[in-house]
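The block underneath contains the structure these notes are about, expressed in structure tokens.
Only this structure's heavy atoms are used, side chains among them; waters, hydrogens and symmetry mates stay out. Order of the sequence lines sets the chain letters (A, B, ...), proteins ahead of strands, with each chain counted from 1.
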2 protein chains.
Amino acid sequence: MKYLHIPYYLRLRDSLAKKIEDGSLLPHSKLPSERDLKDAYDINRVTVRQALMQLESEGLIYRLIRRGWYVSPPRLFYDPTQSISFMDNVRAQGRVPETVILSKTEMAASDWVNRTMGITLGDPVYLLRRRRLIDGRAVLVEHINVNPVLCPGLLDLPLECSLTETLKEQYGIEISRTVINMYPAPLDGTQAEELQVVAGAPCLYLTRASYDQHDNIVEFDQEFWRHDVLEISMEVKNT
Amino acid sequence: MKYLHIPYYLRLRDSLAKKIEDGSLLPHSKLPSERDLKDAYDINRVTVRQALMQLESEGLIYRLIRRGWYVSPPRLFYDPTQSISFMDNVRAQGRVPETVILSKTEMAASDWVNRTMGITLGDPVYLLRRRRLIDGRAVLVEHINVNPVLCPGLLDLPLECSLTETLKEQYGIEISRTVINMYPAPLDGTQAEELQVVAGAPCLYLTRASYDQHDNIVEFDQEFWRHDVLEISMEVKNT
DNA sequence: CATAAATTATGGTCTATACCAGATTTTAAA
DNA sequence: TTTAAAATCTGGTATAGACCATAATTTATG
């Protein structure tokens, strides 16, 4: 029978996780400061940080830079096989969505855009960057590349809402299929700042290529989700 | 113009990431020891560990407990909307799969099994636990719960292969639909050990409920994937 | 030569401390 | 009372070092 020593940092992790689980620490509530935890548990602050970072990596808590640690809200269900918009999906789950336009520009297609969307190198491409919030908390930064040939003047339209709807109503474009890829990746400086997290923080990186009824690639999205936000959920029928 | 100081740990991260990217550090190759890196870069070992853990969280490297740090292989594409088996999927991507049966038992249905699969509390349920490896590296631990009423004697059959195939060939069971959920979670002691990672290490936790042609729930899988293994990929057609 | 014991290597955990940069609160001045 | 300045708080980064437990290598013994 092996002697089972539980590291202090995992004990603190467990202790805090229990409070979160039993509801004594509610979503978005602030945790005691690192120094307070250090005193309360009589362990070193580095050990406290280890526990906090463990909980963070599990998605149970999140940090605001130099402003404390907070309990994460429940994950948002997201079904990639359904075409519900961010706004509608969030609302359907009793949460409050919000969208902030970070920038909208017409740029010259880079090598990457060329390879990804087939737009001729140097030709114009629209880049829309948005931040999405749930209950006031930034959870997603989107980089949306759109082919202007298929929807000229798009950037002059209101862009806080569902782009899919806009493409349909204003341009008669129906998205017939999408190709989605996702994996965990780090946030670089810019997106990290826009999500108010530390550079290098983990995100769920999701790309979505959207094709119209003629199988033209209309839109290529890069989505940088905070890693603690989503629970992917889907039903697959075998035919 | 703000002065941009890059933390030492991120500099080391970047330096190592570059070597991985440009191919001078190949998949599964061993990195220099922490103490060697400390000396080579003239920084503290804790700072080295911070860099290594950053790379680990990004999925670029993995650790073997007390045996060093290694470069991660490329991610495996996994399409949850297709019903290809682990073995076939891995092979199709030029990798070598392997399966190890950890245990197979007939147990009494717990509260959780009752809620999840509708099996009466205390009634028998098969639990099959397997470890899956890619190129000799453990990447997944599966807990597969199966309803014995629908496939009596299953545990006496060879279980290294695709369970879906076995259910079909031996019992005439066709999986008509599956419900899949996935989110990042920590590995607890047992699964961590079975994957040879530290307790609390992040995994992609995936559940799959499989229903037969009569909409009976036949099987409920819990899958604990190392977090650095998969790239989820899918094509969705809008009908 | 094979096996066992001893030594070294390696990552894992923990303490102590210091300094930094930005956020927040308190205090002082207008 | 409001605004600005100073002090404090908070997480972020880094050093130094110690000890631990297990894995790997080397040495000693039969």
Side-chain angles (χ1 to χ4, degrees), chain A residues 1-16 29-57 61-71 186-187 189 192-202, chain B residues 1-16 29-57 61-71 138 186-187 189 192-193 195-202:
Chain A
M1 186 60 194
K2 193 162 55 166
Y3 173 60
L4 188 61
H5 166 73
I6 303 188
Y8 294 150
Y9 79 97
L10 286 181
R11 294 182 199 196
L12 178 53
R13 177 251 162 239
D14 292 345
S15 174
L16 293 174
S29 64
K30 188 174 184 307
L31 264 60
S33 74
E34 296 178 1
R35 288 171 176 96
D36 286 347
L37 287 170
K38 156 185 166 301
D39 294 335
Y41 286 84
D42 196 31
I43 52 178
N44 195 269
R45 189 173 145 230
V46 173
T47 309
V48 168
R49 287 183 62 79
Q50 248 180 302
L52 293 174
M53 284 189 281
Q54 173 65 32
L55 286 164
E56 182 188 35
S57 100
I61 67 174
Y62 64 95
R63 66 177 92 169
L64 295 178
I65 306 189
R66 288 193 182 89
R67 277 181 292 166
W69 295 82
Y70 301 82
V71 179
L187 285 166
E193 253 186 70
E194 284 161 352
L195 285 176
Q196 292 175 330
V197 296
V198 182
Chain B
M1 187 61 194
K2 191 163 54 166
Y3 175 61
L4 189 61
H5 167 73
I6 302 188
Y8 294 152
Y9 79 98
L10 286 181
R11 292 182 199 196
L12 178 54
R13 178 250 162 242
D14 291 345
S15 176
L16 293 174
S29 62
K30 187 175 184 305
L31 265 61
S33 76
E34 296 179 3
R35 289 171 175 96
D36 286 347
L37 288 170
K38 156 186 165 300
D39 294 336
Y41 287 84
D42 195 31
I43 51 177
N44 194 268
R45 190 174 142 229
V46 173
T47 310
V48 168
R49 287 182 62 78
Q50 247 180 304
L52 293 174
M53 285 190 280
Q54 174 64 32
L55 286 164
E56 181 188 35
S57 101
I61 66 175
Y62 64 94
R63 66 177 92 170
L64 296 179
I65 305 187
R66 289 192 182 84
R67 279 180 292 166
W69 295 81
Y70 300 81
V71 178
L187 285 165
E193 254 186 71
L195 285 176
Q196 290 173 336
V197 296
V198 182

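- At a cut-off of 3.5 angstrom, the base of C/dA21 holds at least one donor-acceptor pair with the side chain of A/R66.
- B/R35 comes within contact range of at least one nucleobase, with a heavy-atom separation under 4.0 Å.
- Separating the CD atom of A/E34 from the P atom of C/dA23 is a distance of 16 Å, rounded to the nearest angstrom.
- Remark: P of D/dT15 and CG of A/N44 are 17 Å apart, rounded to the nearest angstrom.
- For D/dG11, the base has no donor-acceptor partner in the side chain of A/R67 [N/O atoms by modelled type, under 3.5 angstrom].
- If you take OH of A/Y41 and P of C/dC14, they are 15 Å apart, rounded to a whole angstrom.
- DNA chain D is contacted by both A/L52 and A/V46; A/L52 maps to the nucleotide lying nearer its 5′ end (nearest heavy atom per residue).
- In this structure, OH on A/Y9 lies 11.0 Å from CE on A/M53, to the nearest 0.5 angstrom.
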What side-chain donor-acceptor pairs closer than 3.5 Å can you find for residues 35-42 of chain B, not counting sequence neighbours?
{"unit_1": "B/D36", "atom_1": "OD2", "unit_2": "B/S33", "atom_2": "OG", "d": "3.4"}
{"unit_1": "B/Y41", "atom_1": "OH", "unit_2": "B/S15", "atom_2": "OG", "d": "2.9"}

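- Which of C/dT13, C/dT15, D/dA14 sits closest to the side chain of A/T47 comes down to C/dT15.
- Atom CD of A/E34 sits about 8.0 Å away from atom CZ of A/R63, to the nearest 0.5 Å.
- Side-chain atoms of B/R45 come within donor-acceptor range of the base of C/dG12, with a qualifying N/O pair under 3.5 Å.
- Here the C1' atom of nucleotide D/dT22 and the CG atom of B/L64 are 13 Å apart, to the nearest Å.
- Contact check, B/Y8 against D/dA14: no side-chain N or O comes under 4.0 Å of OP1 or OP2.
- At whole-Å resolution of the value, CD in A/Q50 and C1' in C/dG11 are 13 Å apart.
- Nearer the 5' end of DNA chain C, as judged by each residue's closest nucleotide, is the contact made by B/P32, out of A/K38 and B/P32.
- A side-chain donor-acceptor contact under 3.5 Å links A/Q54 to the backbone of B/G200.
- Distance, A/Y70 OH to C/dA23 P: 12 Å, rounded to whole Å.
- Rounded to whole angstrom, the span from the CG atom of A/L10 across to the C1' atom of C/dT13 amounts to 10 Å.
- Residue B/S33 has no polar side-chain atom (N or O) positioned under 4.0 Å from OP1 or OP2 of C/dA9.
- For B/Y62, the ring pair (Phe, Tyr, Trp, His ring centres under 6.0 Å) criterion is met by B/H28, B/Y70, not counting sequence neighbours.
- Atom pair A/R13:CZ and C/dT13:P shows a separation of 14 Å (rounding to whole Å applied).
- Side-chain atoms of B/Y9 lie closest to D/dA14 of the nucleotides D/dG11, D/dA14, C/dG12.
- A/R63 comes within 4.0 angstrom of the backbone, heavy atoms only, and of no base.
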